[in-house]
Enquirer: 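The structure's right below; bear with me while I get my questions together.
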Amino acid sequence: MSTRKKNSSTLKSPNPGQDHGSVNTALVPSARLADAPQFTTTGITDTEVLTIAEPRQARLMKTLIIRSFQSIDALVVAIIAVFGCIMASGVPLAQAAFGIVVPFLALPFMLVWGLAAVGAYRFDFREKLVFRWGKTIGITLGILAFVLIGARAVNMPDPAFSVLALAGGLALVILLALQVSYSALVRYWSRIGMLASNVIIVGATDNAKRLIRQGAQCKDLNVVAVFDDRASRRPGKVETVPVAGGIKDLLAWDGLHTIDQIIITVTSTASRRVNELVDQLRALPQEVVLFMDIDGFNPEQARLTEIARSPMAYMSGAPRNELKIFTKRVQDLVFASGMVMVFAPVMAVIALLIRLDSPGPVLFRQKRHGFNNKIIEVWKFRSMRVDDSEGPIQQVQRNDARVTRLGRFLRRTSLDELPQLFNVLMGSMSLVGPRPHAVGMRTDNIESWKLVAHYAHRHRVKPGLTGWAQINGSRGPLDTAEDVRTRVRFDVAYIRRAGFWFDLWIMLKTGPCLLGDSETIR
């Protein structure tokens, strides 16, 4: 049998220290992982490499899109209502009579609420269009009639009532046109996979078949591959999705950082097997959920979003809050842009001084672990002499001979971190989050990720320019296993509490904490 041509992601032996900090070494020894063979499935020889579906890279946040649609509808109807109210009253809005203002202002809120109530923003493509549009037209006409009846009840004058009816009719037509546009957009985005979450299924079971069918129909899930440890019983495929080996192969896969969620579809009554799987997977940065095969629950009769929430138990991680992610990204862009403008002269002077101080480039680029354990390139001002030697990365020690004269000042003031503002603007980092650790970083001559079972939990958010650990004293090199555990404990605590005001407080505390610390090696 000939070797298959590689046209998508493959599973392969991991490169030690690359992007596998998420592996719980108490459960999967590093020696075994380092020698992980190319996996096989029924009918596939040991020399073949099984290709798996390509994870979607460019994706849109569905919850945020729906909120945007609702906001557009509310804004359009509000504009119509305000202009209608001004025309009906003949005076500025603030001076208009109560009996005229209330019906006009109630119109946008009630129309958007009604559309949401009947599921107009749900975009379930199994629902027949006739039924969908019937509900939409019915609710909008019903609400318009209710508002008109209310206007009569408060004795709205006839001229104003005519304007209200005209404004309501115009709003109705525009809303229906917008709904048609939204449906077309969502169908297009769904068809090309931009609204689908990248998912791995653990367990080649009947439940896995149902989820895959439903994902193909509703376009909410992009099932990349199925993994199952039962080598003698697993098929080559489940529906159209390849069975890509066992848990060891999953942990060794170099494309794991592209996955949003891992779903265990093993029968929940098989408690021993479920516990074993959860123990092996909970150290990963991805959400790990258990499919709850509840009596009477039929995935083929439920919406996929219900499958992804109600009948599943989150064993590790938590559901993604897309609105919160969007807000944090806007926060990063606004603050980082302002900081770049403020610090631009300082960065220019530092760049010049580095060139004068020692030979070598101005910027130092280093591979570090980012969101979902993805390898990112982090920028810093060069503070050490150029070293072409290869081998494990050695953390900086006190009076380290590699650090330049200028570099000591830059490190002591953390000014060497300023170029990471551009990492923030490009999206690989955030202003606040767990500090990104270097790939292959070692603590007491042991790779740091091996010292804490849940080390990879710190990768559930983007790494930050500063963080909760830094303002609490966990800065600089990690010399002992206890230092690593302390850092991870602060990072996980931050992830649970992260929010706009908490981030702002950490940013405000960062300057005094760093400048007031002359003891920590940096």
Side-chain angles (χ1 to χ4, degrees), residues 60-61 64 67-68 71 75 320-355 361-366 368-371 374 376-383 406-407 409-437 458-476 490-491 493-495 497-517 520 522:
L60 301 174
M61 297 181 181
L64 186 61
R67 295 289 181 267
S68 300
S71 300
L75 180 62
R320 285 165 58 89
N321 186 328
E322 294 179 344
L323 187 59
K324 189 174 181 179
I325 294 171
F326 175 76
T327 302
K328 187 172 177 65
R329 181 59 182 150
V330 172
Q331 169 189 324
D332 285 340
L333 289 173
V334 171
F335 281 95
S337 298
M339 292 172 72
V340 165
M341 289 188 286
V342 170
F343 287 106
V346 177
M347 288 192 281
V349 171
I350 291 174
L352 177 62
L353 292 176
I354 290 173
R355 295 303 301 267
V362 169
L363 294 178
F364 170 68
R365 296 173 173 83
Q366 187 178 45
R368 298 196 177 191
H369 293 288
F371 175 65
K374 180 180 180 180
I376 61 173
E377 189 175 68
V378 172
W379 296 352
K380 298 177 66 174
F381 281 124
R382 182 175 58 83
S383 59
L406 177 63
F409 171 75
L410 295 178
R411 283 177 170 270
R412 189 167 59 250
T413 58
S414 292
L415 291 174
D416 60 323
E417 311 284 358
L418 283 178
Q420 288 168 37
L421 288 170
F422 295 102
N423 285 108
V424 175
L425 291 175
M426 291 186 296
S428 60
M429 289 180 62
S430 181
L431 283 174
V432 181
R435 285 293 295 156
H437 289 171
R458 66 194 307 276
H459 299 137
R460 287 176 174 165
V461 296
K462 288 181 183 179
L465 188 58
T466 184
W468 182 236
Q470 280 61 50
I471 69 169
N472 280 282
S474 181
R475 298 184 290 273
F490 279 123
D491 291 339
Y494 164 75
I495 293 171
R497 297 178 58 185
F500 175 79
W501 296 111
F502 189 48
D503 284 2
L504 185 59
W505 187 71
I506 290 173
M507 285 188 278
L508 293 175
K509 289 277 291 182
T510 295
C513 287
L514 292 180
L515 295 177
D517 179 8
T520 301
R522 297 201 294 272

Enquirer: Nearest 0.5 Å please: distance from the CZ atom of Arg412 over to the OG atom of Ser383.
Expert: 12.0 Å
Enquirer: With a 4.5 Å limit on heavy-atom distance, are the side chains of Val362 and Phe381 in contact?
Expert: yes
Enquirer: In the structure I gave you, are the side-chain heavy atoms of Ile354 and Leu410 within less than 4.5 Å of one another anywhere?
Expert: yes
Enquirer: Which of parallel (below 30°), tilted (30 to 60°) and perpendicular (above 60°) describes Tyr494 and Phe502?
Expert: parallel
Enquirer: Check residues 335-351 and write down every donor-acceptor pair under 3.5 Å in which the side-chain atom is one partner and the other belongs to a residue at least two apart or another chain.
Expert:
residue, atom, partner, partner atom, Å
Ser337, OG, Leu333, O, 2.6

Enquirer: Roughly how far apart are Met429 CE and Phe371 CZ, rounded to 0.5 Å?
Expert: 14.5 Å
Enquirer: I'd like to know if the side chain of Lys380 reaches the main chain of Gln366, judged simply by a donor and an acceptor atom lying under 3.5 Å from each other, with no hydrogens or angles considered.
Expert: no
Enquirer: Please report the closest heavy-atom contact between Pro434 and Asp491, naming both atoms and the distance.
Expert: CB-CG, 3.5 Å
Enquirer: Starting at CH2 of Trp468, measure out to CD1 of Ile495 and round the result to the nearest 0.5 Å.
Expert: 14.0 Å
Enquirer: When rounded to the nearest 0.5 angstrom, what is the spacing between CD1 in Ile506 and CH2 in Trp501?
Expert: 14.0 Å
Enquirer: Check for a donor-acceptor pair, side chain of Asn423 on one end and backbone N or O of Glu377 on the other, with a separation under 3.5 Å.
Expert: yes
Enquirer: Tell me whether Asp332 contacts the main-chain N or O of Leu431 through its side chain, where contact means a donor paired with an acceptor under 3.5 Å.
Expert: yes
Enquirer: Is there a donor-acceptor pair under 3.5 Å between the side chain of Arg368 and the backbone N or O of Pro436?
Expert: yes
Enquirer: Keeping the roles fixed (side chain from Arg435, backbone from Gly464), state whether a donor-acceptor pair exists under 3.5 Å.
Expert: yes
Enquirer: Which heavy atom in His369 sits nearest to a heavy atom in Pro463, and how many Å separate them?
Expert: O-CG, 4.1 Å
Enquirer: With a 3.5 Å distance limit and no angle check, can you tell me whether Lys324 reaches the backbone of Gly499 through a side-chain donor-acceptor pair?
Expert: no
Enquirer: To the closest 0.5 Å, what do you measure between NZ (Lys374) and NZ (Lys462)?
Expert: 10.0 Å
Enquirer: Between Leu465 and Val432, is there a side-chain heavy-atom distance shorter than 4.5 Å?
Expert: no
Enquirer: CG of Leu406 to CZ of Arg355: how many Å apart, nearest 0.5 Å?
Expert: 13.0 Å
